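Computation of the quantities below employed the complete heavy-atom set of this structure, encompassing side-chain atoms and omitting hydrogens, waters and symmetry-equivalent molecules. Small disclaimer: the values here were computed from a predicted structure and weren't measured.
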Amino acid sequence: MEINTRINKCVVYIIESLPDGDLKTGSNLYDKLRQEWAYNTDYEPKYKIVHTKRELNKLLLDITELVSSKDNHNFIILHFETHGSENGMHLASREMVPWMELFSMIRPININMNDTLLVVLSMCDSKSIAYNIEPRERSPFRGVVVTEKPLTAGYLDSIWDEFYKNVMSHFFEDKTPQYFSDFTPQHIWFLNQEFIFDIHSNLEEYHPEQFAEMQDSFTQEFYELLKSHPNEIFFTSPECYLLWRVNKWRRKKKQLRDYYCFKDITEKV
């Protein structure tokens, strides 16, 4: 896969799905960015309203088709203004889009963008997205901006224009998504794909109790093999078998991490 480093401009898709009566934070952000970038052709905000899951899927399919074109050299940010919960995104229609389903919708965009897609989830409980990954699939984004706790619509309405102003003032100096973390407001986190994979799968560092349980299961596995094959010598001791199984698990984890984070592609370029 060829890594495209030529970027014409940054396009922010502001996707709003809020019930009647709610503060229209997406519309407000669009108006602010449109004024801010009125005379700057490097950046372009686009405002999209969706009510149902079907409409959201159709919009994301259209964006996928757009970025799949060889003539597309735009850096795209998907900014969602909806309600949220630990389980997923909640639309104006009261339908819920589970995180896994959202991943399936946006993953083709990230793949076609050579793993440069940034996602902003302006909603409550969006940090829970980090615990709902599919480690055997490609990452659905290069990085994601999430809320660390439930926040009011008024607070969210007040922060994003300043966030984009700060981010875009440096965008063409440093196109790596990681630098977005330098400008996140209070109670907002930037999570890159490596961190998300690790908190899910790096048991040694993030889940030591689970890692200990896995080691116990490997030791039990050794004795079961010894019992079922008494005349065959697998390893000289349970400690040797445990070391072999843990190293095998680590190699598999690295293989999955490289695939999830596109490193099997980018490190060959």
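- Nearest heavy atom pair, residue Ala130 against residue Ile199, reads CB-CD1, 3.7 Å.
- In this structure, Trp249 and Ser201 approach most closely via the heavy-atom pair CZ2-O, 3.8 Å.
- Taking each heavy atom of Arg250 and Asn247 in turn, the nearest pair found is NH1-OD1, 3.1 Å.
- Ring pair Tyr260/Phe197 is tilted by interplanar angle, where 30° to 60° counts as tilted.
- Classification of Asp198 and Arg257 as a salt-bridged pair holds, one side-chain N sitting under 4.0 Å from a carboxylate O.
- For Ser139 (side chain) and Arg142 (main-chain N/O), no donor-acceptor pair under 3.5 Å exists by modelled atom type.
- The two residues Tyr259 and Arg136 have their closest heavy-atom pair at CE2-O, 3.6 Å.
- Residues Lys24 and Glu81 are not paired through a salt bridge, judged by the lack of any N-O separation under 4.0 Å between the basic side chain and the carboxylate.
- Under the 4.5 Å side-chain heavy-atom criterion for grouping Ile, Leu, Val, Met, Phe, Trp and Tyr, Ile106 is not connected to Met96 through any hydrophobic cluster.
- In this structure, CD1 in Ile196 is found 9.0 Å from SG in Cys261, a value given to the nearest 0.5 Å.
- With hydrogens and angles ignored, the 3.5 Å screen pairs a side-chain donor or acceptor of Thr147 with a backbone N or O of Met123.
- With hydrogens and angles left out, the side-chain atoms of Ser85 and His90 include a donor and acceptor closer than 3.5 Å.
- There is a path of hydrophobic side-chain contacts, each under 4.5 Å, that joins Ile15 to Phe103.
- The residues Lys9 and Glu44 are annotated as salt-bridged, a charged nitrogen and a carboxylate oxygen being separated by less than 4.0 angstrom.
- By the rule that hydrophobic residues join a cluster once side-chain heavy atoms approach within less than 4.5 Å of another member, Leu102 and Leu59 end up as members of one cluster.
- Minimum interatomic distance between Pro108 and Met105 (heavy atoms only, all atoms of both residues): CD-O, 3.7 Å.
- Between the side chain of Asn132 and the backbone N or O of Ser128, at least one donor-acceptor pair lies under 3.5 Å.
- Scored by the ring-ring contact (aromatic ring centres under 6.0 Å, His included) test, Trp189 finds no partners at all (sequence neighbours excluded).
- Salt bridge Lys263/Glu194: present, at least one basic N to carboxylate O contact under 4.0 Å.
- Note: His79 and Trp160 have perpendicular aromatic rings, judged against thresholds of 30 and 60 degrees for the angle between ring planes.
- Val119 and Tyr131 fall within a single hydrophobic cluster, where Ile, Leu, Val, Met, Phe, Trp and Tyr side chains are chained together by heavy-atom contacts under 4.5 Å.
- With no hydrogens or angles considered, a side-chain donor-acceptor pair links His83 and Asp22 at under 3.5 Å.
- Counting only distance, with no hydrogens or angles, the side chain of Trp99 and the backbone of Glu86 share a donor-acceptor pair below 3.5 Å.
- Salt bridge absent: Glu95 and Arg54 never bring a charged side-chain N and a carboxylate O closer than 4.0 Å.
- Between Trp37 and Tyr164, the angle of the ring planes goes over 60°, which puts this pair in the perpendicular group of the 30/60° scheme.
- Within the model, atoms CG of Asp62 and NZ of Lys48 stand 8.5 Å from one another, a figure rounded to the nearest 0.5 Å.
- The residues Arg138 and Asp264 are annotated as salt-bridged, a charged nitrogen and a carboxylate oxygen being separated by less than 4.0 angstrom.
- A salt bridge links Arg245 with Glu221; the closest basic N to acidic carboxylate O contact falls under 4.0 Å.
- Closest approach of Met89 and Leu56 over heavy atoms only: SD-CD2, 4.4 Å.
- Counting non-hydrogen atoms of other residues, nucleotides and ligands closer than 6.0 Å to OH of Tyr155 gives a total above 12.
- At distances below 3.5 Å, not a single donor-acceptor pair connects side-chain atoms of Ser69 with backbone N or O atoms of Glu65.
- Formation of a donor-acceptor pair under 3.5 Å by the Ser126 side chain with backbone atoms of Leu121 is found in this model.
- Phe222 and Val246 end up in different hydrophobic clusters when Ile, Leu, Val, Met, Phe, Trp and Tyr side chains are linked at under 4.5 Å.
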